[in-house]
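Report on the following structure.
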Amino acid sequence: MTEVRVRFAPSPTGALHIGGGHTALFNWLWARHNNGKFILRIEDTDLVRSTKEYEQTIMSGMVWLGLDWDEGPDIGGNYGPYRQSERLDIYRDYAEQLVSEGKAYRDGEAIIFRVEPGQDISFRDIVYGQIDVMSDGLREKDSDKLKDIVIIKSDGMPTYNYAVVVDDHMMRISHVIRGEDHISNTPKQILLYRALGWEVPEFAHLPMILGKDKKKLSKRHGATSIYEYRDMGYMPDSMFNFLALLGWSAGDDREIFTRSEAAEWFELSRVTRKAAVFDFDKLNHINQEHLKRLDPSVRLGMVRPFWVEAGLPVADVEAKRGVKYLEDALTLMEGRGRTAKEMAEFSDYFVSFEPVKARWNADGLDKDKLRPFFGAVFSSEWKAEKLEEAARSWVGGHEGAKMKDYAMPLRFALTGMKVSPGIFEVAEHLGREECESRLKFYGLL
RNA sequence: GGUCCCAUCGUCCAGAGGCCUAGGACACAGCCCUUUCAAGGCUGCGACGCGGGUUCGAAUCCCGCUGGGACCGCCA
């Protein structure tokens, strides 16, 4: 069996979007599953829209997702160059060859490939199966005229359908894995492979990703670029996991997995044919699951930037109480919040008293009634179990007193929140000194 | 207009003729747990688009219809 070589070939005319990330991901999975090579090729033949900045952005998006490539414009490889704009001579040479063989003709500066009728250009797609097409089907829009294929544009640049064939062949691509929107381009490319006398690679088309309204994902659906998800607090592991599940499954109930597990289990033959809807609820759930499984130190790394962004003195706290204090705070938060950003918002009181004060209001609070309770709690050893014990025995000793009537004010005073982890755990972690100072600030102690 | 593709719960996936009174996950509803909210546990709601075949038997195979989608650019 020949080596598996696949490629992701974005054009640097925009950021890495969800659809692109999905395609790149499946290529990566197939390469890694087969111990093959994953190649990054930049298709920058659209002179006006391509920029180096976008090329950079796309690469950093892939790095964020954890998709590393083995050959590419930045690291080179044996089949470069990996930027189409640097391969112009190659395209030119083969185009001239086609002209000299009478298979293509000139039209001004452009070179056009002649499409002969009556040819069977069917192919077998790994995902979609047999796709039957005749060259007679290649017609111009709203016309019955057969359409020849432009291969070199008037500006000297190759067209997509032509460059892709030349590059995939020369880069020894074994499997062309790309979006379903390319199925109808494939027969044209097969024509070119045949004219050039080259072996046709395997094709595997991937289902499209749709928005909630079942229309192709676009700006209207909100976040479409990968980075927006990073900024919202989604983790690359989750994004990877979620995207992998769009159009593929391991065949059983395994839904939460790592990159290497996915690579191990992945099979092109298990890819679905139906377009998939991008569902935020599912993404949220997957993110939450990954957030739960994270190492404390990694989790802190995810959440920290959002605390900093909110203007909280994270560095000070780290210096004063140690990194472990923050890590443990987040361990307490486990299962709360579906994104790192939410988790940061829900736990700000561990970092600073300021946001607590900002949320505070004393409406309906009977401080005189509360003080004896807090006094009893503070007379206990500063351990969650002991604190709870003290609280329960105080409540038990006062006719008609209910735990929630006391625990809730305590929670609100300490956190400024109506919801939090167990309040005695929170108190223990905050520490006696800090709790005392917070309660005293409000005159509750 | 032409060519091609798709069609199982609201959504993502299982299902490759009998194991399906169609399974799991998300979402939703309820219950349990409980100092709150999550998490967790349990229960419920909920789908094979329609019509013909083939077969002893069809979600699974075939045909038609309907409904979606992609492409038809000197964009990729």
Could you go through residues 393-408 of chain A and list every donor-acceptor pair under 3.5 Å that involves a side-chain atom there, pairing it with any protein atom two or more places apart or in another chain?
{"residue": "A:Ser393", "atom": "OG", "partner": "A:Ala390", "partner atom": "O", "Å": "3.3"}
{"residue": "A:His398", "atom": "ND1", "partner": "A:Trp394", "partner atom": "O", "Å": "2.7"}

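- Applying the side-chain hydrogen bond (donor to acceptor under 3.5 Å, both in side chains) test to pairs two or more places apart or on separate chains, those with a residue in residues 95-104 of chain A are A:Glu96-A:Arg106, A:Gln97-A:Glu101, A:Glu101-A:Lys103.
- Here A:Trp248 pairs with nothing under the side-chain hydrogen bond (donor to acceptor under 3.5 Å, both in side chains) rule; sequence neighbours left out.
- Scanning residues 252-269 of chain A for heavy-atom distances under 4.0 Å to RNA chain B yields A:Asp253, A:Glu255.
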For residues 269-278 of chain A, which side-chain N or O atoms pair as donor and acceptor with protein atoms under 3.5 Å away, sequence neighbours left out?
{"residue": "A:Arg270", "atom": "NE", "partner": "A:Ser249", "partner atom": "O", "Å": "3.0"}
{"residue": "A:Arg273", "atom": "NH1", "partner": "A:Val127", "partner atom": "O", "Å": "2.6"}

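- Mapping heavy-atom proximity under 4.0 Å, the span of RNA chain B touched by chain A runs 5' to 3' from B:rG1 to B:rA76.
- Around CZ of A:Arg172, the count of heavy atoms belonging to other residues, nucleotides or ligands within 6.0 Å does not exceed 12.
- Within a heavy-atom distance below 4.0 Å of RNA chain B, the residues of residues 105-116 of chain A found are A:Asp107, A:Ala110.
- Within 4.0 Å (heavy atoms only), A:Lys274 reaches sugar-phosphate atoms of the nucleic acid but no base atom.
- Judged by closest nucleotide on RNA chain B, A:Ile131 is the one of A:Phe424 and A:Ile131 placed further toward the 5' end.
- The residue A:Pro187 sits apart from the nucleic acid: no heavy atom pair falls under 4.0 Å.
- For the ring-ring contact (aromatic ring centres under 6.0 Å, His included) condition, the pairs that include at least one residue of residues 92-126 of chain A, sequence neighbours left out, are A:Tyr94-A:Trp198, A:Phe123-A:Phe203.
- In this structure, A:Arg338 reaches neither bases nor backbone, as no heavy-atom distance under 4.0 Å exists between it and the strands shown.
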List the atom pairs, with distances to 0.1 Å, where a side-chain N or O of residues 377-385 of chain A and a protein N or O form a donor-acceptor pair under 3.5 Å, not counting sequence neighbours.
{"residue": "A:Ser379", "atom": "OG", "partner": "A:Ala376", "partner atom": "O", "Å": "2.6"}
{"residue": "A:Ser380", "atom": "OG", "partner": "A:Lys386", "partner atom": "O", "Å": "3.4"}
{"residue": "A:Trp382", "atom": "NE1", "partner": "A:Ala427", "partner atom": "O", "Å": "2.9"}

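- Of the residues in residues 92-102 of chain A, none has a non-hydrogen atom less than 4.0 angstrom from any atom of RNA chain B.
- Not counting sequence neighbours, A:Asp155 has no partner by the side-chain hydrogen bond (donor to acceptor under 3.5 Å, both in side chains) test.
- The ring-ring contact (aromatic ring centres under 6.0 Å, His included) test applied to A:His290 returns no partner, not counting sequence neighbours.
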